[in-house]
Amino acid sequence: MFKINDNYLKLPGSYLFSTIAKKVNEFTNANPDKKIIRLGIGDVTQPLAPAIIESLHKAVDEMGKAETFHGYAPDLGYEFLRTTIQKNDYEARGCDIQADEIFVSDGAKSDSANIQEIFSIDNKIAVCDPVYPVYVDSNVMAGRTGSYDPATERWSDVIYMPCTADNHFAPEFPTENPDLIYLCFPNNPTGSMVTKEQLQAWVDYANKIGAIIIYDAAYEAYISEENVPHTIYECEGARTCAIELKSFSKNAGFTGTRLGYAVVPKDIKSNGVTLHSLWARRHGTKYNGAPYIIQRAGEAVYSEAGKAQLKQQVAYYMNNAKVILEGLKKAGYEVYGGVNAPYIWLKTPNQMTSWEFFDYLLENANVVGTPGSGFGPSGEGYFRLTAFGNYENTVEAVERIIKL
Ligand code: MLT
């Protein structure tokens with residue numbers, strides 16, 4: 001008789017954004033006349049930029065001719081894309097990352113869930129609390145997290161690094177040494193950022209204790225302040241301890257087209273074995289590459305026209321962030337984030353729990369957000385709003401919230 005992977009049974013409830021979608025669907029069915037404004041999941045609303053569309057059309061036409069048709073993509077991704085990424089995201093910032101250390105994928109969500117496979121099951125993970133749920137859930141599925149305590153909402157074998165208003169939503173070194181450290185900056189969900197000095201301290205710490213940092217930089221395009229690292233490889237020593245994950249979803253609107261990449265420097269080794277070789281082996285065995293047309297679209301992100309158009313798109317979303325941040329501040333809410341990230345993290349009013357505020361907002365303002373507690377126990381009493389809506393809806397949502 002077959003047996004299931006019963007680690008899946010340990011997962012409490014369903015995936016956060018599936019639970020929210022279910023609740024919103026129920027509300028919509030019961031209230032078909034209500035206009036819901038969705039500022040929950042961080043999904044973009046603006047269309048793909050013209051430079052990207054042009055590149056997509058061209059690539060589609062190529063696929064229709066025998067001379068320019070493309071079948072399976074190379075394991076690591078097309079050379080044209082990896083070289084473009086290397087030049088723009090690393091060389092231009094003075095970072096020593098080579099094109100063959102870049103692995104093109106279908107997005108940072110998959111990479112952040114899959115990367116744990118190349119590590120021993122005995123490794124102990126450390127995560128920020130609150131945290132993007134994929135990091136923890138993928139480790140639960142693998143059987144690396146021990147048992148779940150519903151009272152504390154914590155896993156016995158996970159090290160939690162609380163990120164609260166008290167520490168400006170920046171994690172502190174844990175008392176117990178972890179093996180794998182997940183960091184995400186600009187941060188989802190709190191919208192916080194760390195300085196270059198703070199990130200350098202994490203790199204030094206990881207190198208000292210022999211840990212790996214899995215650095216999710218999906219929201220890098222939203223950085224607006226100086227002295228803030230755009231990549232972890234700006235830090236000295238990151239080549240021996242850090243894997244970086246990037247996404248085309250947030251900077252270029254690829255949530256529906258899917259594209260991302262992981263950087264695994266060849267200098268990271270365990271007993272002489274490089275992580276690079278393991279990730280290459282995994283990619284070769286389990287993945288046939290992002291589609292040619294999408295990789296060409298990704299290349300257009302770095303064209304002069306693409307860069308200019310996407311700068312405007314990011315500015316559009318960051319203007320929404322400002323509308324939310326300033327509107328709620330004026331209304332007396334305690335608000336964070338929204339400066340280097342497209343997320344606004346607010347304290348729920350009147351001691352409401354995160355889910356109480358979710359229901360309250362849905363029922364009374366018909367606005368959907370994300371309950372902070374869905375990201376971890378330290379998110380309780382907080383709530384996340386995304387700046388990825390369209391401008392008109394964002395303004396209306398803020399007006400509705402202020403009127404409550
Ligand atoms: C979020 O809302 O946290 C993100 O959209 C989720 C994701 O990027 O997968």
Side-chain angles (χ1 to χ4, degrees), residues 11-48 53 107 109 130 132-134 137 188-189 191 249-250 253-258 313 316-333 335 337-338 341-375 379-404:
L11 289 163
S14 57
Y15 182 58
L16 174 62
F17 294 105
S18 315
T19 310
I20 292 172
K22 198 166 153 249
K23 268 181 165 272
V24 175
N25 279 345
E26 280 165 11
F27 183 83
T28 318
N29 290 338
N31 302 276
D33 54 317
K34 297 265 165 52
K35 184 193 160 198
I36 307 273
I37 300 180
R38 293 166 197 266
L39 302 181
I41 190 163
D43 195 2
V44 294
T45 50
Q46 295 306 293
L48 292 173
I53 291 293
K109 180 179 185 178
Y132 180 46
V134 174
D137 287 4
N188 178 17
S249 290
K250 319 291 175 172
F254 279 50
T255 53
T257 22
R258 310 304 312 149
Q313 209 169 77
Y316 174 92
Y317 291 131
M318 285 314 273
N319 186 46
N320 289 346
K322 200 168 154 205
V323 167
I324 303 173
L325 202 60
E326 290 182 357
L328 295 189
K329 220 182 255 177
K330 246 189 236 159
Y333 281 86
V335 277
Y343 293 124
I344 283 82
W345 188 244
L346 57 109
K347 189 97 195 75
T348 57
N350 307 324
Q351 313 287 323
M352 270 191 244
T353 67
S354 302
W355 278 107
E356 278 166 1
F357 189 63
F358 173 89
D359 291 332
Y360 174 75
L361 216 57
L362 181 60
E363 279 157 29
N364 298 291
N366 307 143
V367 171
V368 181
T370 309
S373 56
F375 297 101
E380 182 57 276
Y382 286 95
F383 199 75
R384 194 192 77 177
L385 291 172
T386 159
F388 285 125
N390 71 38
Y391 174 72
E392 294 73 20
N393 280 348
T394 304
V395 170
E396 190 178 334
V398 171
E399 280 168 1
R400 290 188 200 172
I401 298 173
I402 289 173
K403 274 199 207 123
L404 287 174

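In this text, all values refer to a predicted model and were calculated from it rather than measured experimentally.
- In this structure, the side chains of N390 and Q46 come closer than 4.5 Å at one or more pairs of heavy atoms.
- Side chain of Q313 to main chain of L48: no donor-acceptor pair is present (N/O by atom type, distance under 3.5 Å, no hydrogens or angles).
- Side-chain contact between T394 and N319: absent, with no pair of heavy atoms (C-beta onward) separated by less than 4.5 Å.
- Under the salt bridge (Lys or Arg N to Asp or Glu O under 4.0 Å) criterion, K35 pairs with E396, sequence neighbours left out.
- Residues passing the ring pair (Phe, Tyr, Trp, His ring centres under 6.0 Å) test with F375, sequence neighbours excluded: none.
- What you find for G107 and R258 is that their closest heavy atoms are CA-NH2, 3.7 Å.
- Checking side-chain atoms of S354 against main-chain N and O of G379 turns up a donor-acceptor pair under 3.5 Å.
- Scanning for ring pair (Phe, Tyr, Trp, His ring centres under 6.0 Å) contacts around Y317 gives F388, with sequence neighbours left out.
- Smallest separation of non-hydrogen atoms from S249 and V44: O-CG1, 3.6 Å.
- Remark: N364 CG to L404 CG distance equals 6.0 Å, nearest 0.5 Å.
- For K23, the salt bridge (Lys or Arg N to Asp or Glu O under 4.0 Å) partners two or more places apart in sequence, or in a different chain, are D359.
- Between atom CD1 of residue I401 and atom CD1 of residue I324 there is a gap of 7.5 Å, rounded to the nearest 0.5 Å.
- In this structure, the side chains of F357 and P349 come closer than 4.5 Å at one or more pairs of heavy atoms.
- Atom CG of N393 sits about 9.5 Å away from atom CG of N320, to the nearest 0.5 Å.
- Surrounding CD of E392 are more than 12 heavy atoms belonging to other residues, nucleotides or ligands, all under 6.0 Å away.
- Contact detail for Y343 and K250: the closest heavy-atom pair is OH-NZ, 4.0 Å.
- Inter-residue side-chain proximity for P371 and I20 is flagged as met; some heavy-atom pair is nearer than 4.5 Å.
- Contact annotation: the side chain of P189 never approaches that of Y382 to less than 4.5 Å [non-hydrogen atoms, C-beta and beyond].
- For D43, there are no salt bridge (Lys or Arg N to Asp or Glu O under 4.0 Å) partners, not counting sequence neighbours.
- A 4.5 Å side-chain heavy-atom check between T348 and E356 finds every atom pair outside the cut-off.
- In this structure, K347 forms no cation-pi arrangement with F383, as its terminal cationic atom is not both closer than 6.0 Å to the ring centre and no more than 45° off the ring axis.
- Residues satisfying the side chain to side chain donor-acceptor pair (under 3.5 Å) test with N31, not counting sequence neighbours, are none.
- Shown here are the side chain to side chain donor-acceptor pair (under 3.5 Å) partners of Y132, two or more places apart in sequence or in another chain: there are none.
- Listed by chain and residue number, nothing satisfies the side chain to side chain donor-acceptor pair (under 3.5 Å) test with K22 (two or more places apart in sequence, or in another chain).
- No side-chain heavy atom of I37 sits less than 4.5 Å from a side-chain heavy atom of N366.
- One N or O on the side chain of T370 and one on the backbone of G40 form a donor-acceptor pair closer than 3.5 Å.
- The side chain to side chain donor-acceptor pair (under 3.5 Å) test applied to Y391 returns no partner, not counting sequence neighbours.
- In this structure, T28 OG1 and I36 CD1 are separated by 4.5 Å, a value rounded to the nearest 0.5 Å.
- In terms of the ring pair (Phe, Tyr, Trp, His ring centres under 6.0 Å) criterion, Y360 has no residue partners (sequence neighbours excluded).
- Of all heavy-atom pairs spanning Y316 and G389, the tightest one is CE2-O, 3.9 Å.
- Looking at E399 and V395, their side chains come closer than 4.5 Å, going by heavy atoms from C-beta outward.
- Partners of P32 by side chain to side chain contact (heavy atoms under 4.5 Å, CB included), not counting sequence neighbours: none found.
- Applying the 6.0 Å contact sphere to CG of N350 captures no more than 12 heavy atoms from other residues, nucleotides or ligands.
- The CD atom of E363 sits 10.0 Å away from atom CG of L361, with the distance rounded to the nearest 0.5 Å.
- The side chain to side chain contact (heavy atoms under 4.5 Å, CB included) search around A331 returns Y333, I402, not counting sequence neighbours.
- The two residues M318 and G338 come nearest to each other via the heavy atoms CE-O, 3.4 Å.
- Taken to the nearest 0.5 Å, the CG atom of L362 stands 9.5 Å off from the CZ atom of R38.
- Of the possible polar contacts, none joining the T386 side chain to the L39 backbone as a donor-acceptor pair under 3.5 Å is found.
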